[in-house]
Every structure is written in C-alpha cells, then in structure tokens.
> 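The structure under discussion is supplied below as structure tokens; questions concerning it will follow.
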Amino acid sequence: MDSTREVLAAAASRDGLAVEFGDERGGAATYLETGEPLVTGALERFRNEYDAVLKGPVGLPEVRKPDGTEAGVLGGVLRNALDTYANVRPVRLLPGVRDSASPIDYVIVRENTEGLYLSRGSGVRNERAASDQLLMTRVGVERIVRFAFETARARNGAPSDGVRRVTCVDKSNVLRSFAFFRDVFDEIAADYPDVEADHRYTDAAAHDLVADPGHFDVLVTENFVGDMLSDLGAATVGGLGTCPSGNIGERTAYFEPVHGSAPSIAGQDAANPTSQLLTAAMLLDHVGATGTAKRITGAVEAAYADGAVRLNPNGTPTCGTQGVTAAVLSRL
C-alpha cells in the first residue's frame with residue numbers, strides 16, 4: 001500500500017489531479033484489538049464520504065473465530081454491506097513476464113454477494129457433520145450477467161479472434177442452482193446479439209484457461225467458482241502479485257489486489273506491489289480519471305517490458321518491492 005500511495009500521488013500530481021488520502025483500519029490486528037475486523041463507522045464513511053476506496057491485503061491465518069474460520073478478513077464484511085455485487089478480476093499477461101503459446105487478456109466477472117460464500121458465518125456444524133448452503137437469486141444472477149455483457153461490449157474481444165464473448169461457467173450438469181444460473185444467463189444473452197454467448201463447465205473452464213486462454217474475453221460465474229478460477233488464471237500470468245480487482249455496486253465500489261496477505265515475506269522488501277498498483281489504476285478508471293489510470297498502467301507495463309522488473313519463480317520481484325516502486329515511478 002505504501003508503494004501504491006507513492007505511485008498514485010506522483011501520477012496524479014503529473015496530471016493535475018488532487019488526491020487526498022484517508023486511512024481506515026481493518027484486518028487481523030483490528031480484530032484482536034476490538035473483536036471486529038473493521039473500525040466502527042468505516043462502512044458509512046465508505047458509502048458517503050469517500051470518492052474511492054483502495055483496500056490492501058489483510059488477514060493472518062492464525063487469527064481465527066471460535067468456529068474455526070479466519071477472523072481478520074474483510075471480504076464478507078465489505079462486499080455484502082456495500083452490495084458490491086460484481087467482483088471484476090482482469091487476468092492479463094504483462095510484457096516480458098513469460099512466454100505463452102496463446103495471448104492472455106480476459107476478465108473474470110464473479111458474483112460477489114450470493115453463491116456458496118453467502119453461507120459465510122451461517123453454516124451449521126457439529127462433531128459429526130457440517131453444511132453450508134449455496135443460494136442464487138434471479139435478481140442476483142440477472143445483474144451480474146448483465147454486468148458481464150456490458151463489460152464485454154466495452155472491450156476489444158478475445159485475443160485469439162477479436163470476438164466479444166461472454167463465457168458462462170457453471171456446473172449445470174450436476175447442481176440445480178447452476179442450472180438456474182445458466183438458464184438466466186441464456187435469457188439475458190438474448191438481449192446482447194452483438195456479444196457471443198459461450199458456455200463451459202467449471203472443470204472444462206479450468207482446463208481451457210491453461211490450454212487455450214486466448215479464447216476467453218469475459219467469464220461470468222458464481223462466487224466460489226470465480227474465486228478459484230481467478231487464482232488459476234493468475235498462475236498463468238506470473239502469479240497473484242500481478243492481478244488487480246475491483247468490487248463494484250450500484251452506489252459504491254472498492255478496489256483491492258486479488259491476493260491476500262503473505263506473512264512469510266512481510267517486512268522483507270519481497271512482496272510484489274504490481275497487483276496493488278494496477279488496482280489503483282482500476283480505481284482511477286472507475287471514477288473517471290482515465291488518463292491517470294493509463295499513465296500508471298503504462299508505467300507498470302514499461303517496467304516489465306524493458307526488464308527493470310523481473311519475477312522469481314515464486315512470484316516475488318528480483319528487485320524487491322522498493323525496486324518495483326522506483327522502476328514504475330521513473331516511467332510515469
């Protein structure tokens with residue numbers, strides 16, 4: 001986050017864009033101190049006081065609730081409370097990261113407020129069994145599918161053939177809830193004759209995102225499935241440290257890197273800030289500062305393309321966190 005604030009402020013200054021930062025505390029340390037993962041009043045300030053919200057990675061695996069689930073994470077708190085129903089996760093291979101037989105540039109649009117994760121905190125469990133419920137509603141599926149088709153309309157199509165395409169990813173051959181998702185998808189697709197409607201079962205999509213990623217333009221899917229596939233996609237483009245995301249609703253939005261925290265490398269100048277940097281660019285684009293967004297994205301791409309930033313096999317930058325920051329700042 002320190003890296004991103006520095007780059008964001010520098011890029012904004014070059015474009016004459018005034019940026020004021022406010023800080024809100026959240027995560028594992030906040031939970032240990034207060035019993036809640038977010039400070040009191042933050043949600044109302046997110047809704048009413050800020051033009052944009054940029055979230056850093058939070059959570060520590062050892063900080064748990066009595067039911068065994070992780071306590072310091074904010075996904076369920078923010079996404080449902082702010083009704084940011086669309087989780088937008090671009091997966092794009094940056095120049096110079098690695099060779100690929102097929103170009104990679106697609107967006108996973110993940111339903112953010114329903115599906116399996118709606119059971120967060122409300123499943124049942126005893127010493128013999130446990131159960132979590134997967135729920136989809138018509139209004140929830142309709143709005144995420146329309147969001148996906150509108151996203152495709154704003155893009156240039158799949159890299160392999162230039163076709164604007166939305167792929168519905170489901171397990172409709174096994175589960176009624178996913179059959180419902182597919183039926184609603186097909187209904188909405190009829191309203192977008194200019195965008196190709198495509199289908200993949202979840203397991204087939206996982207295979208094809210590795211074997212033929214150039215086929216994909218926009219994918220739309222349920223919450224849990226989208227979580228898994230976006231991490232799989234990240235592995236094909238240099239790791240989780242290269243992938244940004246946004247959580248977007250009708251009234252508000254917040255932006256965060258795809259990855260969570262990495263306690264094993266904390267404080268070692270080893271974390272890759274690229275995901276957070278590109279997340280800031282997504283935020284700027286969302287609020288209309290498209291020129292400054294392109295400035296940051298272009299600087300990141302240039303730093304990778306000319307070899308100033310290279311990645312180790314584990315995804316950490318060879319030049320360290322501060323080295324990435326310096327490389328991007330010099331190319332703004």
Side-chain angles (χ1 to χ4, degrees), residues 75 79-80 83-92 104-120 132-233 245-250 253 258:
R79 290 167 183 169
N80 290 82
D83 196 30
T84 53
Y85 66 89
N87 184 218
V88 182
R89 296 190 164 190
V91 179
R92 186 164 63 92
I104 303 174
D105 184 0
Y106 58 83
V107 178
I108 293 178
V109 176
R110 164 189 168 195
E111 203 293 315
N112 220 11
T113 60
E114 300 185 345
L116 187 58
Y117 286 167
L118 187 60
S119 279
R120 190 194 309 258
D132 294 299
Q133 185 180 38
L134 190 160
L135 176 68
M136 298 182 187
T137 67
R138 172 166 286 275
V139 66
V141 178
E142 284 183 346
R143 67 182 183 175
I144 196 64
V145 171
R146 288 194 184 279
F147 188 100
F149 275 95
E150 292 294 336
T151 299
R153 275 184 169 174
R155 285 172 50 84
N156 295 320
S160 64
D161 57 13
V163 173
R164 289 187 173 90
R165 175 181 294 120
V166 177
T167 302
C168 176
V169 181
D170 60 58
K171 283 299 287 184
S172 57
N173 55 331
V174 176
L175 298 174
R176 290 178 177 176
S177 54
F178 281 105
F180 172 78
F181 190 99
R182 179 177 285 216
D183 287 345
V184 175
F185 173 89
D186 289 340
E187 291 176 17
I188 301 300
D191 294 337
Y192 294 86
D194 53 317
V195 179
E196 180 181 298
D198 187 34
H199 297 85
R200 289 288 190 284
Y201 293 136
T202 302
D203 44 346
H207 173 277
D208 292 347
L209 284 172
V210 176
D212 185 23
H215 169 81
F216 295 101
D217 181 21
V218 176
L219 300 90
V220 63
T221 191
E222 179 267 345
N223 207 336
F224 177 61
V225 171
D227 198 7
M228 291 190 296
L229 292 184
S230 58
D231 278 22
L232 181 149
S245 78
N247 301 274
I248 300 171
E250 298 296 335
V258 166

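These values consider heavy atoms only, across backbone and side chains, with no hydrogens, waters or symmetry-generated copies. Not measured: the values here are computed from a predicted model.
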> Could you tell me which residues satisfy ring-ring contact (aromatic ring centres under 6.0 Å, His included) with Tyr85, sequence neighbours excluded, listed by chain and number?
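Partners of Tyr85 by the ring-ring contact (aromatic ring centres under 6.0 Å, His included) criterion come out as none, since no residue qualifies.
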
> Check whether any side-chain heavy atom of Asp198 sits under 4.5 Å from a side-chain heavy atom of His215, and report yes or no.
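SC-SC contact between Asp198 and His215 confirmed.
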
> Considering all heavy atoms of both residues, which atom of Leu209 and which atom of Pro213 are nearest to each other, and what is their separation?
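Leu209 and Pro213 have their closest heavy atoms at O-CB, 3.3 Å.
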
> Could you report the tightest heavy-atom contact between Thr113 and Leu118, atom names first, then the distance?
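Closest approach of Thr113 to Leu118: O-CD1, 3.3 Å.
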
> Could you tell me if the side chain of Val91 sits less than 4.5 Å from the side chain of Ile104, heavy atoms only?
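Of all side-chain heavy-atom pairs linking Val91 with Ile104, at least one is under 4.5 Å.
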
> Which pair of non-hydrogen atoms, one from Ala152 and one from Val166, has the smallest distance, and what is that distance?
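It is CB-CG2, 3.7 Å.
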
> Is there side-chain contact between Val218 and Tyr106, with heavy atoms separated by less than 4.5 Å?
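No, side chains not in contact.
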
> Do Phe181 and Glu114 come close enough that some side-chain heavy atom pair is under 4.5 Å?
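No - every pair of side-chain heavy atoms lies 4.5 Å or more apart.
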
> For residues 134-179, which residue pairs pass the ring-ring contact (aromatic ring centres under 6.0 Å, His included) check, not counting sequence neighbours?
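For residues 134-179, and leaving out neighbouring residues, the ring-ring contact (aromatic ring centres under 6.0 Å, His included) pairs sorted by first residue read Phe149-Phe185, Phe149-Tyr192.
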
> Does atom CG (Asp191) have a neighbourhood of more than 12 heavy atoms from anything else shown, all under 6.0 Å?
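Yes, CG of Asp191 has more than 12 neighbouring heavy atoms, counting only those of other groups under 6.0 Å.
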
> Give me the one residue out of Thr221, Asn223, Asn247 that meets side chain to side chain donor-acceptor pair (under 3.5 Å) with Arg110.
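Answer after filtering Thr221, Asn223, Asn247: Asn223.
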
> Do you know which two heavy atoms are closest between Glu187 and Arg138, and how far apart they sit?
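Taking Glu187 first and Arg138 second, the nearest heavy atoms are OE1-NH1, 3.0 Å.
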
> Just verifying a value: how many Å separate Asn173 CG and Asp203 CG, rounded to the nearest 0.5 Å?
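Going from the CG atom of Asn173 to the CG atom of Asp203 covers 7.0 Å.
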
> Give a yes or no on whether a salt bridge exists between Arg153 and Asp194, defined as a side-chain N under 4.0 angstrom from a carboxylate O.
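Between Asp194 and Arg153 there is a salt bridge, with a charged N closer than 4.0 Å to a carboxylate O.
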
> Whether the side chain of Glu222 engages the backbone of Leu116 through a donor-acceptor N/O pair (distance < 3.5 Å, no angle test) should be reported.
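Side chain of Glu222 to backbone of Leu116, a donor-acceptor pair under 3.5 Å: yes, one is there.
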
> Shortest non-hydrogen contact from Thr84 to Asn112?
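Heavy atoms only, the tightest pair is O-ND2, 2.9 Å.
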
> Do Asp227 and Arg89 have side-chain heavy atoms sitting under 4.5 Å apart?
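With C-beta onward as the side chain, the pair touches.
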
> Looking at side-chain heavy atoms only, is the closest gap between Phe216 and Asp208 below 4.5 Å?
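With C-beta onward as the side chain, the pair touches.
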
